[in-house]
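Working notes, structure below.
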Number of protein chains: 2
Amino acid sequence: MPGDFRGESIHKVDPKGRVSIPAPFRHELMRADPNCPEGGNPSFVIVYGFDDQPMLECYTMEGAARIAAAIRRMPRSNPNRKRIQRKYQTKSVTLQVDENGRLVLPAKLREKIGIDGNAVFAGMGDTFEIWSTADYEMDDGDMATEFNESGDALNESMDADLDRYTDDVVF
Amino acid sequence: MPGDFRGESIHKVDPKGRVSIPAPFRHELMRADPNCPEGGNPSFVIVYGFDDQPMLECYTMEGAARIAAAIRRMPRSNPNRKRIQRKYQTKSVTLQVDENGRLVLPAKLREKIGIDGNAVFAGMGDTFEIWSTADYEMDDGDMATEFNESGDALNESMDADLDRYTDDVVF
DNA sequence: TTGAAAACCACGAATTCCCATGGTATCCAC
DNA sequence: GTGGATACCATGGGAATTCGTGGTTTTCAA
């Protein structure tokens, strides 16, 4: 079953790189880590191979396993196989949540997303993202429709797409 | 099966953000939460990513799952996919009804819709909305046809649309 | 041995849980 | 139909946890 990461929240990043993980996210990580000892500290995977966006994408152990399985199913002859491996397996780390519900962001990852003292966590369904506050606001601005010059058109196009992919079985 | 949220009602919001959910809505939420233990407290999802309107849109677990499924079906190449995720997954929360049939509105959401001590619940079929009393009255005024300068024409156009989309199967 | 990383401890604030109350609608027996 | 009992509903307050955060100590490798 896919994850259910929802909501956005901001947390402090201390000089050691320690950041609290939003409590609801933590619970979801536990649920989706089969090796997590009952009431213990779950592990999860951070992928930093998204070159086009200054953010880290976080997967549950289940989610990471699903990607690994997909890669294994790909024929080695497919040139995308190795690219995908580089993106999701080479450029990634497995981390463990600590006793206080925090994660320790390695310096390299902090630099990657330009962390300044705060980190934004953004739920994305089966994954969640970590951003610097500055970059997140920019991205959010791009996403938002309200101040968009053609806000109405964008809204309509989003609604149309949502409808298109909604399974409308009537009972 | 889609929900059946009907009616409007006003409830007090206490300093902790606690609000009673209209009883009929509560029952509908139970019915539509597959994980709700028999006679227990259902969960549901509040979406606050509607930037153009100062309100919160509430989905049953079923409804939220339907949207999540639609998102999963959307190709990642579709730029609307991420916008929709931001709107319906990032800018949302899962809440659980408490033992007394209340929900706890996080401070952020209260600010978002400018809650002053009362909240209006408005049934919208498969979802329901939460408004501040002030904004609700304004919206209600906009929607109303009676005082519209061209009230008759609007009414006719509404009726025509209703007819157009009415499936005339007799039961 | 000395710097960095990991484990351990500690605390205020916010949130959750639990219990209590008054009011209203519903039901049932007489 | 009338009185009383019963269930459900909306709301309030305080106690108990949890959460986010900051230090301090320990461990380990260079």
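Side chains are part of it too, since the values below use all heavy atoms of this structure and drop only hydrogens, waters and symmetry mates. Order of the sequence lines fixes the chain letters, A, B, ..., with proteins taken first and strands second; residue numbering starts at 1 for each chain. Note that the coordinates shown come from a computational prediction; the quantities given were computed from them, not determined experimentally.
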Check the phosphate of D/dG12 against B/His11, side-chain N and O only, distance under 4.0 Å to OP1 or OP2. Yes or no?
no
Whole angstrom value for the distance that separates P of D/dG20 from NE2 of A/His27
9 Å
Quick one: is D/dG20 close enough that its OP1 or OP2 comes under 4.0 Å of any side-chain N or O from A/Arg26?
yes
Spacing of OG belonging to B/Ser43 relative to CD belonging to B/Gln96, to within rounding of 0.5 Å
4.0 Å
Test your reading of the model: is there a side-chain donor-acceptor pair from B/Gln89 to the backbone of A/Gly123, 3.5 Å cut-off?
no
Mind checking A/Ile21 for me? I need base, sugar-phosphate or nothing, with any heavy atom below 4.0 Å counting as a touch.
sugar-phosphate
A/Asp126: which residues meet the side-chain hydrogen bond (donor to acceptor under 3.5 Å, both in side chains) condition with it, sequence neighbours left out?
none
What is the distance from CG of A/Asp14 to C1' of C/dA6, rounded to the nearest Å?
13 Å
With side-chain contact (heavy atoms from CB on, under 4.5 Å) as the test, would you mind laying out the steps for A/Asn41 and A/Glu99 before giving the verdict?
CA-CA 7 Å; A/Asn41 312 338; A/Glu99 211 54 47; 3.2 Å; yes
Once each nucleotide of nucleotides 11-18 of chain C is scored for protein heavy atoms under 4.0 Å, what B/S/- sequence comes out, 5' to 3'?
-----BBB
Provide, to the nearest angstrom, the distance between the CG atom belonging to B/Leu29 and the P atom belonging to D/dC9.
13 Å
Rounded to whole angstrom units, what separation is found between the NZ atom of A/Lys108 and the C1' atom of C/dA4?
17 Å
